[in-house]
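Here's the structure we're looking at; comments come further down.
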Amino acid sequence: MKIFIGTQEEIAKKAAQRYVDLLKEKPNAILGHATGSTPLGLYAELIKLNKEGALTYKDVTSFNLDEYVGLDGSHDQSYRYFMNENLFNHIDIDLAKTFVPSGLDTSAETAANYDKAIEAAGGIDLQLLGIGNNGHIGFNEPNTPFGSCTHMVELTESTRQANKRFFNSIDEVPTHAVTMGIKTIMNAKSIILMAIGSAKAPVIKAIVEGEVTPEIPASVLQLHPNAEIYLDYEAAALLSK
Ligand code: F6R
């Protein structure tokens, strides 16, 4: 895994450059997007670059990692809403080519169709990931099988607590989500994982320097041929070199 360390601004700019390079080479790339606080700096940078004409999303297709069960895309805490608000509504992407798992139809068939749609599009060229304090990627919580495809999951208490900052109370935080599986993520041709802040430092040390184990889902990235990790100084603080 290649690791880049810098200020939040530096890593957002460096990650954005990967998108500029990819979209220059492959304007119709398939991009895997993530939600949460971490990608906001990158998304702001991508919006700026798009407005300046440095990159276009006109032929891009996007697949998001996950969605809360029970939230319709018009709910302001749904991940569809997040993507529209924080990226899609500000760039020249065709909204019809943006996909987020359904939080309302949680059938196994619909989940399997999400993986099929990714495959039919040609596979994800670049998958963006954040990481949970417990090592989750997407909403693949600890001990999710590495062979998992898109599926419905029960969120752990630690994830619900971490995400309650976006809701009025813990009771409003959904208990379940639909997420790309670990296999779906690992099938991406390249992966960028970003982490910001000291709360992520222990898990970053574990995934970079520890063993590959389903107990820490993001550790699987050690097995990916083209995974890059972008860290701010706080998130990198516990790395030994
Ligand atoms: C979001 C996602 C999650 C987040 C992770 C970190 O689509 O799949 O894995 O990336 O929970 O969230 P933040 O960035 O808010 O710390």
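In each ligand, atom 1 is the first atom listed, and ligand 1 is the first ligand listed. What you see below is based on every heavy atom in this structure, not just the backbone, and it leaves out hydrogens, waters and symmetry mates.
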task = Using distance alone, determine whether K200 and ligand 1 share an N or O pair under 3.5 Å.
result =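 Looking only at distances, the answer is yes, because the N/O contact criterion of under 3.5 Å is met.
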task = Using distance alone, determine whether F166 and ligand 1 share an N or O pair under 3.5 Å.
result =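 The answer is no, given that F166 and ligand 1 share no N or O pair closer than 3.5 Å.
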[X] versus [Y]: any side-chain heavy-atom pair under 4.5 Å?
X    : Y    : answer
I182 : M186 : yes
V203 : N134 : no
L129 : L221 : yes

query = So which of H136, E141, M194 gets nearest to atom 11 (O) of ligand 1, if we judge by its closest heavy atom?
reply =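 The option holding the nearest heavy atom is H136.
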key: Residue selection (non-hydrogen contact nearest atom 3 (C) of ligand 1) among G130, G138, G132, G32   =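 Minimum heavy-atom distance to atom 3 (C) of ligand 1 goes to G138.
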For residues 19-30, run the donor-acceptor check on the side chains, cut-off 3.5 Å, and write out each pair with its distance to 0.1 Å, sequence neighbours left out.
from : atom 1 : to   : atom 2 : distance (Å)
D21  : OD1    : Q17  : NE2    : 3.0
K26  : NZ     : D125 : OD1    : 3.0
K26  : NZ     : D125 : OD2    : 3.0

I need the nearest protein heavy-atom contact for [atom]: residue, atom name and distance, please.
atom                    : value
atom 1 (C) of ligand 1  : T35 OG1, 3.1 Å
atom 2 (C) of ligand 1  : D66 OD2, 3.3 Å
atom 6 (C) of ligand 1  : I131 O, 3.3 Å
atom 14 (O) of ligand 1 : T38 OG1, 2.4 Å

query = Is there a heavy atom of M180 sitting under 4.0 angstrom from any atom of ligand 1?
reply =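 False for this residue.
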inquiry  = Yes or no: does H33 have any heavy atom under 4.0 Å from an atom of ligand 1?
reply    = no
Please tabulate, for the side chains in residues 62-74, all donor-acceptor contacts under 3.5 angstrom to protein atoms that are two or more places apart in sequence or on a different chain.
from : atom 1 : to   : atom 2 : distance (Å)
S62  : OG     : H33  : ND1    : 2.8
N64  : ND2    : H33  : O      : 3.2
D66  : OD2    : F139 : N      : 3.4
E67  : OE1    : Y79  : N      : 2.8
E67  : OE2    : Y79  : N      : 3.2
E67  : OE2    : R80  : N      : 3.1
Y68  : OH     : Y79  : OH     : 3.2
Y68  : OH     : N163 : ND2    : 3.0
D72  : OD2    : S74  : N      : 3.0
D72  : OD2    : S74  : OG     : 2.5

request  = Enumerate the atoms of ligand 1 whose separation from the nearest heavy atom of R165 is less than 4.0 angstrom.
outcome  =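 So the atoms of ligand 1 that pass are 15 (O).
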Proximal ligand 1 atoms for G36, defined as those under 4.0 Å from one of its heavy atoms =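 Matching atoms, with element in brackets: 14 (O), 15 (O).
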message = At under 4.0 Å between heavy atoms, is it the side chain or the backbone of L65 that contacts ligand 1, or both, or neither?
response = side chain
message = Tell me which one of I185, I124, N226 satisfies side chain to side chain contact (heavy atoms under 4.5 Å, CB included) with I191.
response =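 Between I191 and the candidates, side chain to side chain contact (heavy atoms under 4.5 Å, CB included) is satisfied uniquely by I185.
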Carboxylate-amine/guanidinium proximity below 4.0 Å for K48 and E45 =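 E45 and K48: salt-bridged.
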query = Can we say E119 and K116 salt-bridge, meaning some charged N sits less than 4.0 Å from an Asp/Glu carboxylate O?
reply = no
ask   = Should M1 and I5 be counted in the same cluster of Ile, Leu, Val, Met, Phe, Trp and Tyr side chains packed under 4.5 Å apart?
value = yes
